[in-house]
Participant: 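To start, I am sharing the structure in question, which I have written as structure tokens.
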Amino acid sequence: EALQPWFLEQVACGWQHSLAVARGGCTFEWGLLLPESAQASGQTFASKRQGLGRDFEVDLNEHQRRIIALSWSLYLNKDDEELDGDEALAALEKHERRRCKVPLPRACLGLDGLQVVAVACGFAHTVVAVVGGQLMASGYNEKGQLGNGTRLPSVEFTPVKLPEGSLASAGLPLESAAPRGSLLACGANHTAAITSPEGRVAVWGMGTFGQLGLGHQTKENQLPRHVISLGTGISQVACGDHHTLVLTLKDHLFTFGHRDAVFGSSHDSRRPERQGTFGIEVGRRVKRIFAGGMGSFALVDHDEANLPTMLYSWGYNQRHQLGRGNMELELSRPLPVSLPPCGQLLDLAPGAFHCVGILDSTSTVLPANLGSPPARSPTLLRMLRGTSAYDVAVHTRATEALHCHRCVLAARCPALAQKLLRRSDGTWELELPQHSSESVAALLEYLYCDSCVADPRAAAELRVLAEAAGLLHLESGAAFASQTQSATVEEAWTRVSLGRWVKAPARSADVTTASTLMEDMATLATVSEDQRGNVEASDFVELLIESTGGGSDSRRLRVARSLLLAVDFFSALLEGGFSEEEQVSRSGRVVVSSEDPAALSLCLQWLATGNRELLVAQTVEELLAILVEAHRLGLTDAVKVVELAMGNMLARGVGEEQAAAIAYAADLYDLCKLATQLQLGRRACEE
């Protein structure tokens, strides 16, 4: 809630702290963090230092305290930096500072005027990359994880002292398809970053387990050093708690660090070791690498025909976080993860004991290669959940009927619409007594959203239902969802509608059936002359939109009545006892006024399809007109789309008059994110 006024672009999490980057360069942190001052936290020196056995404040006089403080300062700071007594005491006090709870996001100190483009978090430290190739770090530093040459913690972000002539690749224009997040990584107490211009790996922080890859002589490093043995041409880096993964441009994967995480001989030598499971020569090309806790992951393309992209995992499996369905603790050999068969992995966030992944399909039925994820109209989702009165009862094997809208059936599945039976009260019935309510509910969800969730048993029945209804897109998705394949890729099993698994040939991953959601739903709000679809006049309202200025710019639309009833403005007109209700009942037409009929027309078309491109106009004036109509209709989702479009337009640059108009709209309609962006822009101009 505290970050509601900001357009957030990146987030990252450590063990007990988080960080968010907003558009315009503002960066926020919360969780367990160092206090901004010792007085603010009420912290004092530790009562008894380890090995001393005496109270620092009570048992020691001023002279003894200064001697001890100076001794510690030589450990905390570089050997060539001499501190006097007061400075030594201040350094010791800073080192003693411990993290405290920060429940609400606070602005990160030390990043004013810098544009953060990449973020990584460790156990209690954070490293960010800023435009220009500089790295900044804050947090605990007892192992040198801030890379500034000391062991002093810092609440402020301070520059990381990269090797001379090197810049962080994460802060420079990208030269490959790899995301910025793969160019900078933090382990529990160490950090690795790819540097330009040669593409080397710089490491610093704790190296007790060999996670720095610098050999036995290096247990920790307060300053970044290149891993010379890896050479140049590094494309990606990832860090677990105590191990590191490095991928080269030649598709060579190197690992080094804790034995339980990487296995092999790397732990003995404390230097990088090639992971022989992957590489061009074995037909497995690594696309992305990930690491978390004591686990390692690689997203791999196969040269062998008919093999899809797979996620491999290996490491320590104490909480089954490697996703292989294996109860063993140590999984030393990389093997595929048992991902759902619904799409390709887009991103993965491994934690110490769990992982979260993003698949490029919004459904467990439709795989990724069956079309792009649907835009999905928020209004149609609300209609499905009952905000607009249903006019169709669907009877299945279950006692209780399901419900939907005839206009959606007609637009999305004419074969089912033709089976509708009219009841005496003017509503409709659809008889599907041979099918379960689970499969039919999934079917209805698909008709409204272009995606649905179904377990293998329901998906098997849904496949039969989709085939009978002529829904090729859904049929293909349900076929994939009801099929499983062995790890050897030699056998496939398909769930049939009776619930049994039967052996079957593996389906080709190349099957493509395009989605028709946009085209189908566009028939719910069209120009009045366009009467596509299996519909009756009573299902639609002819809407005449006249200009309030008396101009000739009017629009005539034919809009599904159920769609209009989902909007309070039109629900009041059509069923609120106004004169327009009587007008519609007589002629099927209603007249409304608008300052910009074209803008209102676009809002209604977006209402039907959820297509954001309809609302992303080319000029500020057009965006403002759409904003006015969306706000008048109470379309909060459309208002958010326009607010984001205006923010993008501001980022590209607009004239003073246009900026003033946007500022007025932001204030008038309480667009807090837009107002914050404008405020940041004005502040930058003043500076």
Side-chain angles (χ1 to χ4, degrees), residues 340-342 361-367 370-371 374 376 380-381 383-386 388-423 425 427-484 492-502 504 507 511 513 515-517 520-521 533-535 539 562:
C342 58
S361 173
T362 58
S363 163
T364 61
V365 169
L366 301 182
L370 296 185
R376 298 203 291 182
L380 289 174
L381 284 174
M383 286 175 59
L384 176 62
R385 293 163 185 161
S388 181
Y390 299 117
D391 55 5
V392 176
V394 185
H395 300 286
T396 65
R397 289 202 297 260
T399 304
E400 188 174 350
L402 302 174
H403 296 87
C404 63
H405 300 89
R406 185 175 187 274
C407 62
V408 174
L409 280 182
R412 294 283 279 150
C413 187
L416 287 179
Q418 291 175 359
K419 295 181 179 181
L420 291 174
L421 302 174
R422 186 188 288 274
R423 296 192 295 199
D425 60 357
T427 59
W428 301 82
E429 287 182 329
L430 178 62
E431 297 291 340
L432 297 173
Q434 68 275 31
H435 296 286
S436 67
S437 60
E438 291 80 8
S439 64
V440 175
L443 170 67
L444 296 178
E445 183 182 358
Y446 168 81
L447 294 180
Y448 282 77
C449 309
D450 216 39
S451 62
C452 58
V453 176
D455 60 31
R457 181 187 293 271
E461 187 178 349
L462 182 61
R463 179 183 179 183
V464 177
L465 184 57
E467 182 180 8
L471 300 171
L472 300 181
H473 187 223
L474 178 61
E475 179 192 354
S476 300
F480 275 97
S482 57
Q483 184 178 96
T484 186
W493 299 83
T494 298
R495 173 88 78 168
V496 296
S497 57
L498 297 178
R500 296 183 295 108
W501 289 97
V502 298
R507 289 180 58 90
V511 176
T513 308
S515 168
T516 60
L517 177 72
D520 295 342
M521 291 309 190
N534 180 25
V535 297
D539 290 337
S562 296

Participant: Please give me the minimum heavy-atom distance between Met383 and Ser562, naming the atom from each residue.
Facilitator: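 For Met383 versus Ser562, the nearest heavy atoms are CE-CB, 3.8 Å.
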Participant: Looking only at heavy atoms, which two atoms of His473 and Ser515 are closest? And how far apart?
Facilitator: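 That would be CE1-CB, 3.6 Å.
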Participant: Sequence neighbours excluded, which residues qualify as salt bridge (charged side-chain N to carboxylate O under 4.0 Å, His left out) partners of Asp520?
Facilitator: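 If we apply the salt bridge (charged side-chain N to carboxylate O under 4.0 Å, His left out) test to Asp520, skipping adjacent residues, the hits are Arg412.
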Participant: In Å, rounded to the nearest 0.5 Å, how long is the span from CG of Leu465 to SG of Cys413?
Facilitator: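 With rounding to 0.5 Å, CG (Leu465) is 8.0 Å from SG (Cys413).
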Participant: With sequence neighbours left out, write down each residue that passes side chain to side chain contact (heavy atoms under 4.5 Å, CB included) with Ala441, or none if nothing qualifies.
Facilitator: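 Ala441: side chain to side chain contact (heavy atoms under 4.5 Å, CB included) contacts with Leu402.
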Participant: Please report the closest heavy-atom contact between Val408 and Leu447, naming both atoms and the distance.
Facilitator: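 That would be CG1-O, 4.2 Å.
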Participant: Quick one: side chain to side chain contact (heavy atoms under 4.5 Å, CB included) partners of Leu472, sequence neighbours excluded?
Facilitator: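 Per chain and number, Leu472 pairs via side chain to side chain contact (heavy atoms under 4.5 Å, CB included) with Glu475, Thr513.
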Participant: Which residue is it: Leu443, Leu471, Val440? I am looking for the one with a side-chain contact (heavy atoms from CB on, under 4.5 Å) to Leu462.
Facilitator: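 Of Leu443, Leu471, Val440, side-chain contact (heavy atoms from CB on, under 4.5 Å) with Leu462 is met by Leu443 alone.
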Participant: Can you sort out the partners of Ala468 under side chain to side chain contact (heavy atoms under 4.5 Å, CB included), two or more places apart, ordered by chain and number?
Facilitator: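 With neighbours one apart ignored, the set is empty.
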Participant: Please report the closest heavy-atom contact between Arg422 and Trp428, naming both atoms and the distance.
Facilitator: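 Result for this residue pair: NH2-CZ2, 3.1 Å.
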Participant: Rounded to the nearest 0.5 Å, what separates atom CG in Asp391 from atom SG in Cys407?
Facilitator: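 Atom-to-atom, Asp391:CG and Cys407:SG are 6.5 Å apart.
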Participant: Distance check, rounded to the nearest 0.5 Å: Met521 atom CE versus Cys449 atom SG?
Facilitator: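 With rounding to 0.5 Å, CE (Met521) is 8.0 Å from SG (Cys449).
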Participant: With sequence neighbours excluded, give me every salt bridge (charged side-chain N to carboxylate O under 4.0 Å, His left out) pair touching residues 392-404.
Facilitator: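 Sorted result for residues 392-404: Arg397-Glu461.
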Participant: Determine the interplanar angle of the Tyr390 and His405 rings, folded into 0 to 90°, and report it as parallel if under 30°, tilted if 30 to 60°, perpendicular if over 60°.
Facilitator: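 Tilted, since the angle between the ring planes falls between 30° and 60°.
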Participant: Among Leu420, Thr427, Leu430, find the one that has a side-chain contact (heavy atoms from CB on, under 4.5 Å) with Arg406.
Facilitator: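 For Arg406, the side-chain contact (heavy atoms from CB on, under 4.5 Å) check succeeds only for Leu420.
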Participant: Kindly write out the residues that satisfy side chain to side chain contact (heavy atoms under 4.5 Å, CB included) with Glu431, not counting sequence neighbours, or none if the list is empty.
Facilitator: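 Partners of Glu431 under the side chain to side chain contact (heavy atoms under 4.5 Å, CB included) test: His395, Glu429, Pro433.
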